[in-house]
Amino acid sequence: MFEIVSKEKLGPAVFRMDIAAPDIARKHQAGNFIMLRINEEGERIPLTVADKDAEKGTVTLVFQAVGKTSAELAELCEGDSLLDFVGPLGKPTHIEKFNGVVVCVGGGIGVAPVHPIACALKDIGNRVISIIGARSKELLIMEEEMKATSDELIVCTDDGSYGKQGFVTEALDEVIRREGKENVALVVAIGPVPMMRFCAKTTEPYGVHTEVSLNPIMVDATGMCGACRVTVGGETKFACVDGPEFDGHKVDFDELTKRLAMYKESEARAMKIYEEASHGGKRCWE
Amino acid sequence: MAPREKTPRQPMPEQEPKVRARNFDEVPLGYSHETAIKEAKRCLQCKKPKCRQGCPVEVLIPQFIGKIAEGDFAGAAKTLKEKNSLPAVCGRVCPQETQCEELCILGKKEEPVAIGRLERFAADWERNEGKVEIPELAPATGKKVAVIGAGPAGLTVAGDLIKMGHEVTIFEALHKPGGVLVYGIPEFRLPKAIVQAEVEYLKSMGVKIQVNAVIGKTRTLQELMEEDGFDAVFVGSGAGLPTFMGIDGENLNGVYSANEYLTRSNLMKAYLFPEYDTPVARGKRVATLGGGNVAMDSARTALRLGAEASICVYRRGREEMPARSEEIHHAEEEGVQLNLLTNPIRIIGDEMGRVSGMECIQMELGEPDDSGRRRPQPIKGSEFVLEVDTVVIAIGNSPNPLIPATTPAIETSKWGTIIADEETGKTTMEGVYAGGDVVTGAATVILAMGAGRKAATAIDEYLKGK
Ligand SMILES: Cc1cc2nc3c(=O)[nH]c(=O)nc-3n(C[C@H](O)[C@H](O)[C@H](O)COP(=O)(O)OP(=O)(O)OC[C@H]3O[C@@H](n4cnc5c(N)ncnc54)[C@H](O)[C@@H]3O)c2cc1C
Ligand SMILES: Cc1cc2nc3c(=O)[nH]c(=O)nc-3n(C[C@H](O)[C@H](O)[C@H](O)COP(=O)(O)OP(=O)(O)OC[C@H]3O[C@@H](n4cnc5c(N)ncnc54)[C@H](O)[C@@H]3O)c2cc1C
Ligand code: SF4
Ligand code: SF4
Ligand code: FES
């Protein structure tokens with residue numbers, strides 16, 4: 001059993017949890033994720049490790065309650081335990097000291113997985129410009145943490161309720177033009193699929209290498225089932241072992257979007273039953 | 001000698017095909033005491049039993065059958081376990097018709113003794129009566145062995161080594177031990193309670209099992225040996241990497257590897273959705289590609305998930321199907337359609353990215369290839385479209401590269417299998433042994449167990465010399 005050591009609400013339906021998992025905390029590298037299962041009836045779901053504390057033996061998750069499993073997770077409290085917790089999984093992000101600036105872009109909940117990558121890139125001596133965005137002010141997460149690890153932080157909201165008004169892609173375009181495309185060594189973009197797709201579209205004309213972190217549906221996350229198949233550069237890859245990070249200019253985002261909708265009806269049904277059974281149709285954290 | 005009274009091979013009572021095709025309960029119901037004794041009495045108790053030569057672990061076949069004939073079921077179970085630590089499993093899943101039963105002398109004139117069914121009977125009797133005895137363990141040696149993978153190979157190694165007095169810890173990547181026995185082979189063919197009982201038995205002997213431990217990720221093999229103090233390691237990580245066809249449309253929604261389809265259904269219990277959280281497509285018309293046990297399990301699972309048509313598409317003929325004959329027979333009885341000498345060319349999707357059909361081509365058997373099997377060749381112009389909404393690809397599995405990739409001292413073949421000595425399981429890395437599907441490529445439960453047994457003996461020798 002894996003104990004929830006602390007829990008915090010970061011925004012509407014967004015939570016942060018520290019889980020006691022010393023083996024994973026010891027081995028984790030930026031870009032890795034874990035699989036968890038809450039209880040015997042539960043589904044295995046992947047979540048990125050947003051931070052770790054090797055001394056305390058804890059790893060930090062930041063997640064959004066979007067369906068049955070994440071909603072059930074959101075309902076757990078400090079002192080509760082998860083039945084299964086496995087990792088660190090996936091290939092870690094390739095970290096090196098580049099000649100040039102690196103730009104880290106996080107959209108919505110994607111700021112959480114971008115954070116450890118920005119830290120690792122910064123620690124090794126890179127100049128890091130970060131761009132984070134959300135639909136509106138109350139959905140913005142981890143601004144302080146991102147500020148601490150970036151040489152420059154640009155904040156955007158779609159509705160202009162905080163920071164610059166507009167999408168992260170507009171800020172990204174400005175940064176590349178300002179710095180000069182030759183001087184931008186790498187862009188890392190993590191967030192909802194459309195946001196990653198448009199970040200890759202933005203950088204493509206400049207020829208700036210862009211890594212995106214894909215989030216297909218997974219089952220085992222050890223390379224055994226192929227549920228996580230994505231097409232990159234015309235080849236099929238298993239995101240859980242070959243990724244989750246890939247060259248954004250080569251990813252077939254259309255296919256990813258369609259594959260993510262595979263269980264839409266089942267997911268809606270599970271969520272409805274869950275809400276009606278436990279909360280009279282309301283979501284637990286509301 | 002008095003002439004033997006001729007008794008026909010005793011049939012196994014089974015659930016009705018129509019009924020069972022819609023539930024996940026076990027299909028064969030098992031022998032009663034009387035039937036078992038009757039069948040056991042058919043055995044001639046040969047002095048030089050041919051049957052034993054057909055069994056990869058040389059089960060003491062006439063001896064255990066003799067005990068059943070005498071009504072000594074406990075003795076039968078004990079005799080079985082001298083050579084086979086998972087008889088309840090093997091009695092159910094061994095391809096007996098090409099192993100022990102193929103060589104049974106009775107098979108020459110009439111039908112062979114139902115060795116598998118008797119094996120199952122004795123093992124089930126022992127478990128159901130709660131008569132499973134914990135054997136005496138050798139005095140502790142103070143040596144520690146790590147076993148990677150809790151499939152039949154790993155479970156066997158662990159059981160043998162703990163009896164020899166070594167400390168054993170199994171590391172399993174998934175959340176449940178059992179390997180293919182829990183994630184692959186369906187409940188209706190191998191009830192999970194049986195695997196669970198075997199695992200509990202090992203635990204009661206003192207085997208530690210750590211689930212959720214992906215070796216190569218959570219810990220590496222070197223760390224186990226250098227930091228965690230394991231004196232030897234056995235790798236039994238199986239052949240879990242699914243092969244796809246490489247045809248168009250394979251990433252459409254509704255196309256599964258058999259591993260995914262069966263894992264969702266068995267390990268994650270998707271057939272009980274929404275009581276269990278994991279969903280699986282409940283296709284109306286399901287095509288399964290392949291002709292082995294994995295394909296039969298998938299095609300039969302499709303029926304139980306509510307398919308109106310479950311169609312097995314195989315490029316060779318019926319004779320060439322590698323599945324156990326009982327599985328093919330059961331599948332056909334339940335209504336699985338066999339589309340033989342047929343090969344898929346591409347999978348067709350609708351605008352939502354869902355499977356809507358599969359284009360296939362008819363095949364004919366040509367000249368024999370290197371393996372002596374006649375090579376299937378496409379018949380020009382015979383293309384046709386099969387209307388399906390779900391496709392399950394069951395054309396093979398190879399070893400997962402994770403452990404070799406993170407353990408450079410372990411050498412692999414060009415097929416990705418770990419190179420290991422056939423008699424001992426010794427790999428190219430000092431103190432590391434391997435066996436089962438990770439060495440042979442996808443094979444059988446009994447071969448994986450046999451390899452585990454040999455490796456346990458070799459590891460014991462190695463530890464004595466340390
Ligand atoms: C490598 C990886 C890392 C991830 N890291 C994080 C993270 O750090 N924080 C976080 O909040 N989420 C993360 N996700 C997404 C997270 O796994 C899903 O939100 C979760 O599985 C949804 O499960 P559910 O039962 O709550 O919702 P479901 O009912 O299963 O789904 C609800 C909705 O979410 C979408 N969805 C389902 N599965 C996924 C998925 N795997 N990815 C994205 N959307 C999905 C569906 O389209 C559906 O509309 C990650 C996914 C992957 C593959
Ligand atoms: C659907 C299906 C039906 C079958 N039907 C039959 C049948 O009827 N009769 C028959 O004889 N055989 C059958 N087989 C084949 C048989 O199941 C296998 O040959 C046998 O299970 C191999 O045993 P194993 O111990 O080598 O590996 P597996 O059973 O594959 O077990 C390997 C275990 O290692 C774990 N593992 C892998 N990598 C790691 C890692 N890095 N760290 C930790 N753990 C890891 C896996 O999760 C798994 O639990 C079938 C196979 C399938 C898939
Ligand atoms: S282990 Fe398998 S092959 Fe050996 S006797 Fe039993 S059923 Fe036959
Ligand atoms: S060969 Fe057949 S008849 Fe002879 S001992 Fe074996 S099972 Fe009995
Ligand atoms: S999730 Fe099963 S192979 Fe990636």
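Naming: A, B, ... by sequence-line order, numbering from 1 per chain. Only this structure's heavy atoms are used, side chains among them; waters, hydrogens and symmetry mates stay out.
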Trainee: Would a line drawn from the ring center of B/Phe230 to the ring center of B/Phe171 be shorter than 6.0 Å?
Mentor: yes
Trainee: May I ask you to decide whether B/Glu187 forms a salt bridge with B/Lys192, counting only side-chain N to carboxylate O separations under 4.0 Å?
Mentor: no
Trainee: Pick one of side chain, backbone, both or neither for B/Ala270, based on which atoms fall under 4.5 Å of a heavy atom in chain A.
Mentor: neither
Trainee: So what's closer than 4.5 Å to chain B heavy atoms on A/Arg259: side chain, backbone, both or neither?
Mentor: both
Trainee: May I ask you to decide if B/Thr220's main-chain N or O and B/Glu223's side chain share a donor-acceptor pair within less than 3.5 Å?
Mentor: yes
Trainee: Name the region of B/Asn251, side chain, backbone, both or neither, that has any atom closer than 4.5 Å to a heavy atom of chain A.
Mentor: both
Trainee: Within the distance-only criterion (no hydrogens, no angle test), does the side chain of B/Ser257 pair as donor or acceptor with the backbone N or O of A/Cys225 below 3.5 angstrom?
Mentor: yes
Trainee: Does B/Lys203 come within less than 4.0 Å of B/Glu200, counting only side-chain N to carboxylate O?
Mentor: yes
Trainee: Has the side chain of B/Thr406 got a donor or acceptor atom that lies under 3.5 Å from a matching backbone atom of B/Ile403?
Mentor: yes
Trainee: Are the side chain of B/Thr407 and the backbone N or O of B/Ile410 linked by a donor-acceptor pair below 3.5 Å?
Mentor: no
Trainee: Taking heavy atoms only and a threshold strictly under 4.5 Å, list by residue number the residues of residues 34-49 of chain A that touch chain B; give 'none' if the list is empty.
Mentor: A/Arg37, A/Glu40, A/Glu41, A/Gly42, A/Glu43, A/Arg44
Trainee: Check whether B/Val280 gets within reach of chain A through its side chain, its backbone, both or neither, counting any heavy atom under 4.5 Å.
Mentor: backbone
Trainee: Examine whether an atom of A/Thr222 lies under 4.5 Å from a heavy atom of chain B, and if so say whether it belongs to the side chain, the backbone or both; otherwise answer neither.
Mentor: both
Trainee: Check this for me, if you would: do A/Lys237 and A/Glu235 make a salt bridge, where the nitrogen-to-carboxylate-oxygen distance has to be below 4.0 angstrom?
Mentor: yes
Trainee: Would you call A/Thr257 and A/Arg197 a side-chain contact if the rule is heavy atoms closer than 4.5 Å?
Mentor: yes
Trainee: With only heavy atoms counted, which part of A/Phe238 is less than 4.5 Å from chain B, the side chain, the backbone, both or neither?
Mentor: side chain
Trainee: Taking A/Gly223's backbone N and O only, do any of them form a donor-acceptor pair with A/Asp220's side chain (distance below 3.5 Å, no angle check)?
Mentor: yes
Trainee: Okay, side chain of B/Thr412, backbone of B/Thr417: is any donor-acceptor separation there less than 3.5 Å?
Mentor: no
Trainee: What part of B/Leu241 lies closer than 4.5 angstrom to a heavy atom of chain A: side chain, backbone, both or neither?
Mentor: both
Trainee: Between B/Met268 and chain A, with a heavy-atom cut-off of 4.5 Å, which part of the residue counts as in contact: side chain, backbone, both or neither?
Mentor: side chain
Trainee: Kindly say whether B/Ile185 contributes a backbone atom to a donor-acceptor pair with the side chain of B/Asp297 at under 3.5 angstrom?
Mentor: no
Trainee: Show, in sequence, the C-alpha distance, side-chain angles and deciding distance for B/Arg219 and B/Glu227, and conclude whether the salt bridge (Lys or Arg N to Asp or Glu O under 4.0 Å) test is met.
Mentor: CA-CA 10 Å; B/Arg219 295 299 276 157; B/Glu227 296 174 20; 3.2 Å; yes
Trainee: Is there any residue in residues 21-31 of chain A with a non-hydrogen atom under 4.5 Å from a non-hydrogen atom of chain B, and which ones are they?
Mentor: A/Asp23, A/Arg26, A/Lys27
Trainee: Quick check on B/Thr263 against chain A: is it the side chain, the backbone, both or neither that has a heavy atom closer than 4.5 Å?
Mentor: side chain
Trainee: Examine whether an atom of A/Ile217 lies under 4.5 Å from a heavy atom of chain B, and if so say whether it belongs to the side chain, the backbone or both; otherwise answer neither.
Mentor: side chain
Trainee: Heavy-atom distance under 4.5 Å to chain A: side chain of B/Tyr261, backbone, both or neither?
Mentor: neither
Trainee: Using a 4.5 angstrom heavy-atom cutoff, name the option from B/Asn259, B/Val214, B/Leu252, B/Asn397 with the most pairs to chain A.
Mentor: B/Asn259
Trainee: Suppose we screen for side-chain hydrogen bond (donor to acceptor under 3.5 Å, both in side chains). Which residues come up paired with B/Arg282, at least two apart in sequence or across chains?
Mentor: none
Trainee: Is there a donor-acceptor pair under 3.5 Å between the side chain of B/Glu172 and the backbone N or O of B/Leu174?
Mentor: yes
Trainee: Please lay out, stage by stage, how A/Thr210 and A/Val188 fare under the test side-chain contact (heavy atoms from CB on, under 4.5 Å).
Mentor: CA-CA 6 Å; A/Thr210 302; A/Val188 180; over 6 Å; no
Trainee: Side chain from CB out, backbone as N, CA, C, O: work out which of these in B/Leu267 comes under 4.5 Å of a heavy atom of chain A, or both, or neither.
Mentor: neither
Trainee: Specify the closest pair of heavy atoms between A/Arg269 and B/Pro274, including all atoms of both residues, with the distance to one decimal.
Mentor: NH2-CD, 3.6 Å
Trainee: Side chain, backbone, both or neither: which part of B/Glu351 has a non-hydrogen atom closer than 4.5 Å to chain A?
Mentor: backbone
Trainee: Could you tell me which residues in residues 51-64 of chain A have at least one non-hydrogen atom under 4.5 Å from a non-hydrogen atom of chain B, sorted by residue number?
Mentor: none
Trainee: Under 4.0 Å between a side-chain nitrogen and a carboxylate oxygen: does that hold for A/Glu276 and A/Lys272?
Mentor: yes
Trainee: Is the backbone N or O of B/Val355 less than 3.5 Å from a side-chain atom of B/Asp389, with the two atoms forming a donor-acceptor pair by type?
Mentor: no
Trainee: Out of the candidates A/Val230, A/Val212, A/Thr231, only one should pair with A/Leu256 under the side chain to side chain contact (heavy atoms under 4.5 Å, CB included) rule; please name it.
Mentor: A/Val230
Trainee: Under 4.5 Å from any heavy atom of chain B, what part of A/Ala221 do you find: side chain, backbone, both or neither?
Mentor: neither
Trainee: Can you tell me which portion of B/Lys269 sits under 4.5 Å from chain A's heavy atoms? Options are side chain, backbone, both or neither.
Mentor: neither
Trainee: Given 3.5 Å as the limit, does a donor-acceptor pair link the side chain of A/Lys91 with the main chain of A/Glu245, or not?
Mentor: no
Trainee: With chain A as the partner, which of B/Glu250, B/Glu275, B/Arg264 has the greatest number of non-hydrogen pairs under 4.5 Å?
Mentor: B/Arg264
